[in-house]
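Report on the following structure.
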There are 2 protein chains.
Amino acid sequence: MITIYDLAKKTGFSSTTVSKALNNYPDVSQKTRQAILQTATEMGYLPNAHAQSLSTKKSWTIGVMFSEANEVGLKHPFFSAIIESFRKHAEKEGYDLILASRNLRSRDTSYLEHFLYRGVDGIVVISSDPKDEQVQEMINSNLPIVVIDMTNSNCSVVLSDDLSGGELAINYLHSLGHTKIAHIAGDATIHAGKERIQGYKKAMNKLRLPTPNEYLINGGLFSIEEGRQAMAKLLDLPDLPTAVFIAGDHMAIGAMEIAKSRGVKIPEDLSIIGYDDIEMASYVTPKLTTVRQDTDYLGVRAAQLLIKQMVQKKKIITEDIIPVQLIERESCGPLKKQK
Amino acid sequence: MITIYDLAKKTGFSSTTVSKALNNYPDVSQKTRQAILQTATEMGYLPNAHAQSLSTKKSWTIGVMFSEANEVGLKHPFFSAIIESFRKHAEKEGYDLILASRNLRSRDTSYLEHFLYRGVDGIVVISSDPKDEQVQEMINSNLPIVVIDMTNSNCSVVLSDDLSGGELAINYLHSLGHTKIAHIAGDATIHAGKERIQGYKKAMNKLRLPTPNEYLINGGLFSIEEGRQAMAKLLDLPDLPTAVFIAGDHMAIGAMEIAKSRGVKIPEDLSIIGYDDIEMASYVTPKLTTVRQDTDYLGVRAAQLLIKQMVQKKKIITEDIIPVQLIERESCGPLKKQK
DNA sequence: CACATTAACGAAAGCGCTTTCGATACAGAG
DNA sequence: CTCTGTATCGAAAGCGCTTTCGTTAATGTG
């Protein structure tokens, strides 16, 4: 490894001047700057991030944490899409992402401590669980932070406009003639779940449509399997709905599977609209009509917000609501004429 | 931030002794160790990773790089699954992952330089492109490295047994009675593409089945769209195959889409077997029969190999071939009786 | 020509930690 | 009682870099 001292020796200047030349300080002449830069590339000099961070107290890294509740981590298409977008934007600004865990070498600690140890400049967390203690702890620290997919009145959050998204879905279904509309919901302890339920209810009320309790089914944590179970429950009802709004694409896909297996045709017998617009939604049969979350924009928005806090060294408390969009495909159809 | 000097002052020992106590050196008495550890937790002491790395030349980080060829990065389900598995294993051993880019602050450099700058202890790269210069550069450096999904005779690689995978697919198809079997291949410049072609040919030859040129279609880089195009080409043939082995699930899904849209029934008219077993494979209609790559094991194996090199500070050149597995679902059926 | 500016550079301290090596004290050995 | 060995501790240098502040020389001003 070649250091600024090596450059100093080679060029005949002091390490101070070398450092300054490398960092564009004004008090070094053009000529010496050129000379130093030149031999730097000649000798293949690379700065040492650790030394730099130690000295400047800035590491140019951002810690990322996934809610571990759903145990899928990077594999979840929605999460990974957001992170990928976040990453691209953060990179442009010069930040690298570091994925840390709860355990520090053998000893286990909290995420916060781990990030503190790593000296990250900020944290991005993707979590839906508003009462995750790990997340709370980080929010209450004074590390710059942005959280995605949940609300919190103590930090910057960015999330989709799930209330409108719910309404959007219902209004669309209604525009197709449906009046008996059920909702397979995400757990109400989760913000996304709750908001979509609200959207459902709000739209239904505005349309003066009934929302019997049996039509509101808690699908839990958005998994395919839970979607299956929820749909099974729904299909056991004596009075079936003609359309159902499902709070997540994974659940919707599970639900469709069960529906089809029971001989109910989609969309002829039952219209289904999902939420998220994961890749798979375009390739199941029928193609899933859904409400798209703008993962790209969620990611860059989060990055912007975090970086802003880091540069102005000041916590920003805000809630960025990202619009969602209806994606019409094939899983919804007009209400069949009653015989 | 509280340092070992603070602990030293508080406990009355020197910073040296504090450091030793913290790091379990033998030459510090039980009593003082206890006292130091105690006040460390009392005062909320956390070590500073940068200082530690600077001093020890070990950062406990691993750099990860994705081939950028396919531009999907983390979003690709196959890649993200592997990384997730890698991550879990690496974490257990105390390593954090850092995702770096090609640009260092404004200036752009190579991945290698970026990782060198970051002082990672090792690199894991997931790339299919054997002639990616960035990857080559890293392999030729003396940073410990493991690469996933391609071969190289100069470093540790881990990849699926694609040759056997190809044979597996063909033999399965043959066992169903098929003899006219086509292959929509991945680009032969990519190892995975080439091996699967080899597997296809080898098995076909062994079975004494013909492999006309028209039956071997280059699907390119494994995308859904390329799958569509390849299948369209295939269906334009005068003499259609009754089964087709497709080198990737994404391509297979695109291919199925086109096939269905042209009225060819799967599996009645055409059997299709994919490769990878991404999540989506289980949820398209019909459910895709495929060859599963063991992403979990690919990940942990890569982690083990990399860590081994890091601890023994010695490059290991090896090729770890991970077995694949046939997953029977619904997209393959017995050969229809000829009329 | 005397003086105040400015430009260009370097010494040195400091960031938080590790690690070598020497110092001290006390035990037991002879 | 002297000597050797062991247990425990600390001084200090070093990791590679930044940044403050002082020094020197050159420039301009009147």
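The sequence lines fix the lettering, A, B, ..., with proteins before strands; numbering per chain opens at 1. Note that these values count all heavy atoms, side chains included, but never hydrogens, waters or copies made by symmetry.
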- Item | Partner of A:Phe86 under side chain to side chain contact (heavy atoms under 4.5 Å, CB included), chosen from A:Val300, A:Ile62, A:Leu298 | A:Ile62

- Task: Say whether, by atom type as modelled, one donor and one acceptor occur between the side chain of A:Asp96 and the main chain of A:Thr61 under 3.5 angstrom.
- Result: no

- Presence of salt bridge, A:Glu84 and A:Arg87, under 4.0 angstrom: yes

- Item | Any donor-acceptor N or O pair under 3.5 Å, side chains A:Glu137, A:Tyr111 | no

- Message: For A:Ser127 and A:Asp129, which I'm curious about, is there any donor-acceptor pair between the side chains at under 3.5 Å?
- Response: no

- Message: Looking at B:Lys58, I want to see if its NZ is surrounded by more than 12 non-hydrogen atoms of other residues, nucleotides or ligands under 6.0 Å.
- Response: yes

- Can you tell me which stems DNA chain C forms, taking runs of 3 or more consecutive Watson-Crick or G-U pairs with both distances under 3.5 Å? C:1-30 with D:1-30

- Counting primed atoms, P, OP1 and OP2 as sugar-phosphate and everything else as base, the B/S/- map of nucleotides 7-17 of chain D against protein heavy atoms under 4.0 Å is -BBBBB-BBBB

- Message: Classify the ring geometry of B:His76 against B:Phe79: parallel below 30°, tilted from 30° to 60°, perpendicular beyond 60°.
- Response: tilted

